[in-house]
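Reading through the structure tokens given below for one structure.
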Amino acid sequence: MSALLEVNNISKRFGGLQAVDRLSLTVNEGEILGLIGPNGAGKSTVFNLINGVYPPDGGSIVFVGQDITGGPPYRVARQGIARAHQIVQPLGGLSVLDNCTVGACFGRQGLGLVPAREVAREVVDMIGLGDRPDMLAASLTTAGKKRLELARALSARPRLLLLDEVLAGLNPTETEGMIETVHKIRDSGVAILMIEHIMRAVMSLSDRIVVLNLGSKLAEGSPQQVADNPEVITAYLGDSKLLSVAEKPA
Amino acid sequence: MIGILASVIDGILIGAVYGLAAMGLTLIWGVMNVINLAHGAIVVVGMFVLYMLVSALGLPAYGAVPVMIVLGFVIGIGLYWIGVHRMIGRPELMSLLSTFALNMVLIGLGTAWWTTSPYNVQVNMPSVSWRGYTFTGTHITAAALAVVIAGLLYLLLYHTRIGKAVRAVATNREAAELCGIPTTQVLAMAFGLGVALAGVSGTLIATMFPFTVLSGEAYQLKSFVVTVLGGLGNPAGALMGGIALGLIEGLATPFMPVSWIPIVEFGLFVFCLIAFPRGIFSFTKA
């Protein structure tokens, strides 16, 4: 397996807070890498650094052999890294289809309007919004907006998808549907780096997991290795969801 | 009765040009939440571009229209980098003050160059007569051009890739950037477009009426009334609002002294702000 994204020793400090501390990680072609850690561990900051929303204080980020450290975000997006946000960011005044058309127009392939609309329609169908392409993004339900985030990101035809808690706020049925969708995306050849708090989901979806605590890497390995790691359990102590997974006999 | 009708029709023709000016103001607000107080000065730039091209270079009057669109776009992008870019995302007072400063600089330069005496550009267009009433050719042409330019703006915003980028940035700049849109360039371009619209409306106004370096203020105030009628941030509403304002002016003129017209207009402005804060012609935010 070859490395798609290489994050080398990145750090970021906000005032007195060392949000990310000399973190390195690798995402391989076609894999799902889970990024977990307690609240405030710096997971979203890692995404913002990869995206180029802010430049790291040190370290480098290499994507498909290209140095993308420090953005700007639109250029990183065009290189083929798309992102779905924890707090949904729809283009509220545009229709569902137009949201995805924008994604396709300015994504990795930089399509013209007509082919972009084709791609958008295809993705909207695949992601399960095919029944309401003309609805304004602002008037979708929360689950709908989460799907739209995903659809818009995929319309860019990315090689790497950053998923920031796409399951948060969904009911169990919606969660099931979303997990299925994430599987479908990986099967289409897109690598995924996902932040997720729902342990059952992240354990079952991820090929490998990186555990973050206080901005640096606490553990790395297969879901089972990570769940068996006593340091991880300590960091999460009190989180019964992880404990229940960890205590399950192998 | 027919006299009123003629006055109303002329009002609508002029109103279309007011609408075009207001589209420039409302586009900039809609995309970057900046109220461009240099709007009036830019209308004046458009007027003097007509004067220079026709009187000094001998160009045909309507040849100044495409020149002004291009020039306005370039000037707009320049003004964006000088006085607007650093104010994006800051409190609105900052951009109000900086665009007001740009306004004063432009008016100051204009006064030094052309003084404040009135100028007039003679444009010969055949008039249209109908039942003994004459409709001035320049008014008809200006209104037609205003509608065509508004239509082109609509096509640009709703049926091109660039338009999609502009609308994406208008609704959510952060998300647009993460979709791969160079949002800073899009903001500069939208400001350029807004300035081009204001400038070209000035050019069209100058084909109809005499003007001075200080004429901009009156048209800027009219643009505010129009955008409030049409819903701030809504270009289609701006054209409707402009036509409505022209209609009101046309309707009121036969019945009252001209000095009363601003009182009617701004009475309406206040009424609209209270009764229809989102505009009478407000559809969705573009």
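The chains referred to below are lettered A, B, ... by the order of the sequence lines, with proteins before strands, and numbering in each begins at 1.
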Check: Near A/I87 CD1, under 6.0 Å, is it more than 12 heavy atoms from other residues, nucleotides or ligands?
Finding: no

Checklist line | Pairwise side-chain contact, A/R75 with B/P182, heavy-atom cut-off 4.5 Å (strictly under) | finding: no

Margin query: Determine whether a donor-acceptor pair (N or O, by modelled atom type, separation under 3.5 Å) exists between the side chain of B/R161 and the backbone of A/L111.
Written below: yes

Notebook entry, point to check: What residues of residues 50-57 of chain A sit under 4.5 Å from chain B when only non-hydrogen atoms are counted?
Noted result: A/N51, A/V53

Notebook entry, point to check: What distance do A/N99 atom CG and B/T171 atom OG1 have between them, rounded to the nearest 0.5 Å?
Noted result: 7.5 Å

Next item on the list: Specify which of B/N172, B/V169, B/T183 makes the most heavy-atom pairs with chain A at under 4.5 Å.
Entry: B/N172

Check: When heavy-atom pairs shorter than 4.5 Å are enumerated against chain B, which of A/G110, A/P72, A/A137, A/G103 gives the highest number?
Finding: A/G110

Notebook entry, point to check: Just how far is it from atom CG of A/L91 to atom NZ of B/K164, taken to the nearest 0.5 Å?
Noted result: 11.0 Å

Item checked: Which atom of A/A77 lies closest to which atom of B/C179, heavy atoms considered -> CB-C, 4.0 Å

Notebook entry, point to check: So with a 6.0 Å cut-off around CD of B/Q185, is the heavy-atom count from everything else above 12?
Noted result: yes

Next item on the list: Check whether more than 12 heavy atoms from other residues, nucleotides or ligands sit under 6.0 Å from atom OH of B/Y62, and answer yes or no.
Entry: yes

Checklist line | Options B/H159, B/E177, B/E174, ranked by heavy-atom pairs under 4.5 Å with chain A, top entry | finding: B/E177

Next item on the list: Count the heavy atoms of every other residue, nucleotide or ligand shown that sit under 6.0 Å from CG of B/L221, and state whether that count exceeds 12.
Entry: yes

Next item on the list: Using non-hydrogen atoms and a 4.5 Å limit, figure out which bit of A/S155 sits close to chain B: side chain, backbone, both or neither.
Entry: neither

Next item on the list: Could you grab the distance from atom OH of A/Y74 to atom CG of B/L178, nearest 0.5 Å is fine?
Entry: 13.0 Å

Check: So what's closer than 4.5 Å to chain A heavy atoms on B/T160: side chain, backbone, both or neither?
Finding: backbone

Notebook entry, point to check: Should we count CZ of B/R86 as having more than 12 external heavy atoms under 6.0 Å?
Noted result: no

Checklist line | B/E217, CD: over 12 other non-hydrogen atoms inside 6.0 angstrom | finding: no

Margin query: Other residues, nucleotides and ligands only: do more than 12 of their heavy atoms fall within 6.0 Å of CZ on B/F271?
Written below: no

Note to self: side chain to side chain contact (heavy atoms under 4.5 Å, CB included), that's the test. Do A/F106 and B/I181 meet it? Break it down for me.
What the structure shows: CA-CA 6 Å; A/F106 301 95; B/I181 296 171; 3.5 Å; yes

Check: Looking at A/Q89 and B/A175, what are the two nearest heavy atoms and their distance?
Finding: O-CB, 3.4 Å

